[in-house]
Amino acid sequence: MGGDLILMGPPGVGKGTQAKALARANGWLHLSTGDLFRDHIRRQTDVGRRVKGILDAGAYVPDDLTVDMVRDRLATTPADQRIVFDGFPRTAAQADALDDLLAERGRRVEAVLLLEAPREELRARLEGRAKAEGRTDDTPEVIANRLDVYERETRPLVAHYEAKGLTRRIDGVGPVEAVTERLRDAADRHEVRS
Ligand code: ADP
């Protein structure tokens with residue numbers, strides 16, 4: 001069986017939309033830590049109460065909490081169910097934890113699909129979305145902070161996976177369907193080779 005996929009990229013690049021489309025088309029499990037956190041907030045669980053302010057500020061949830069939540073999700077995932085990770089890992093500690101979690105279950109990362117777009121485009125998209133959705137907490141400052149945190153904490157992970165020869169870069173600019181097509185090509189290409 002092929003391994004799992006990681007969809008990586010800055011906020012606003014369309015990761016969530018694309019991960020969903022990719023998972024649906026291929027029968028993979030879409031594992032989004034952002035969705036899992038938002039679900040905790042909706043259900044008003046302990047985790048939800050602890051992370052609400054963090055999400056509102058556009059900061060990262062502490063690694064231990066994030067990794068525990070992913071571990072729980074993996075515990076109920078069948079061994080033959082391929083996963084596309086969306087928004088995880090986001091820090092070096094999370095990447096190390098994921099390597100261990102997968103290895104313990106006989107799983108592995110097959111490819112990292114890195115979705116990219118220029119910062120100006122990302123900023124414009126995020127501000128447009130905040131306005132359209134009436135998300136008044138998503139101020140230009142919070143948006144700039146999100147982009148900065150990504151550059152500082154998550155961008156360095158690209159090197160971690162590049163060293164393992166797993167990274168594929170995909171242009172995230174263009175119509176949603178065109179980007180989906182590029183991602184499917186990148187994922188397929190890898191499968192044929194492995
Ligand atoms: P976005 O693409 O807008 O950043 P996500 O749905 O991926 O949205 O994540 C929403 C928020 O959830 C993040 O801003 C962060 O606060 C939190 N979060 C999600 N995944 C992680 C993670 N792996 N580590 C730490 N925080 C996370």
Side-chain angles (χ1 to χ4, degrees), residues 4-23 29-43 45-74 83-102 109 112-119 121-158 160-161 170 172-173 176 179 183:
D4 298 317
L5 293 173
I6 296 173
L7 189 54
M8 199 182 280
V13 80
K15 258 186 342 272
T17 306
Q18 296 296 347
K20 233 173 259 154
L22 209 56
L29 171 69
H30 174 215
L31 199 163
S32 156
T33 41
D35 283 355
L36 291 175
F37 283 133
R38 282 184 288 271
D39 189 52
H40 274 284
I41 293 171
R42 249 189 319 269
R43 291 187 287 121
T45 65
D46 276 349
V47 170
R49 272 186 285 276
R50 287 177 65 183
V51 305
K52 181 163 188 330
I54 301 175
L55 264 76
D56 285 346
Y60 282 179
V61 173
D63 288 330
D64 54 350
L65 237 174
T66 307
V67 170
D68 284 349
M69 187 176 69
V70 172
R71 183 183 294 111
D72 286 349
R73 187 67 190 82
L74 287 176
I83 302 171
V84 52
F85 290 95
D86 165 12
F88 182 88
R90 261 177 158 96
T91 65
Q94 290 179 17
D96 290 341
L98 180 61
D99 286 345
D100 291 345
L101 285 175
L102 293 180
V109 175
V112 177
L113 307 179
L114 178 62
L115 203 52
E116 299 187 299
R119 183 178 171 109
E121 163 104 13
L122 299 170
R123 205 187 45 73
R125 284 189 196 178
L126 290 167
E127 288 184 6
R129 186 165 80 187
K131 223 176 258 159
E133 292 174 2
R135 286 169 60 168
T136 45
D137 52 332
D138 243 355
T139 60
E141 288 72 29
V142 168
I143 287 169
N145 185 48
R146 274 212 181 106
L147 292 168
D148 289 343
V149 172
Y150 175 82
E151 289 303 325
R152 193 170 63 237
E153 304 281 344
T154 305
R155 167 93 54 200
L157 292 191
V158 174
H160 173 91
Y161 290 110
I170 292 104
V173 181
V176 173
V179 176
L183 280 165

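Atoms considered below: every heavy atom in the structure, side chains included; atoms not considered: hydrogens, waters and symmetry mates. Atoms within a ligand are numbered from 1 in the order they appear, just like the ligands themselves.
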Review point. Hey, is the main chain of V176 close enough, under 3.5 Å, to the side chain of Q18 for a donor-acceptor pair?
Key: yes

Check ligand 1 against the protein and report each N/O to N/O distance under 3.5 Å, formatted as atom name, atom name, distance.
unit_1	atom_1	unit_2	atom_2	d
ligand 1	4 (O)	R90	NH2	2.9
ligand 1	6 (O)	R38	NH1	3.0
ligand 1	6 (O)	R38	NH2	2.7
ligand 1	7 (O)	R90	NH1	3.4
ligand 1	7 (O)	R90	NH2	3.2
ligand 1	16 (O)	A59	O	2.5
ligand 1	20 (N)	T33	OG1	2.7
ligand 1	20 (N)	G87	O	3.4
ligand 1	20 (N)	R90	NH1	2.9
ligand 1	23 (N)	G87	O	2.9
ligand 1	23 (N)	Q94	OE1	2.9
ligand 1	24 (N)	Q94	NE2	2.9
ligand 1	26 (N)	V61	N	3.0

Review point. Does any donor atom in the side chain of T154 or Y60 lie under 3.5 Å from an acceptor atom in the other side chain?
Key: yes

Check your understanding: Taking all non-hydrogen atoms of both residues, which atom of V142 and which atom of A57 are closest, and how far apart?
Key -> CG1-O, 3.9 Å

Exercise for review: Please answer whether the main-chain N or O of E153 pairs with a side-chain N or O of T91 as donor and acceptor at a distance below 3.5 Å.
Suggested key: no

Check your understanding: Mind checking what makes salt bridge (Lys or Arg N to Asp or Glu O under 4.0 Å) contact with R119, not counting sequence neighbours?
Key -> D148

Review point. Are R43 and D39 within salt-bridge range, i.e. N to O under 4.0 Å?
Key: yes

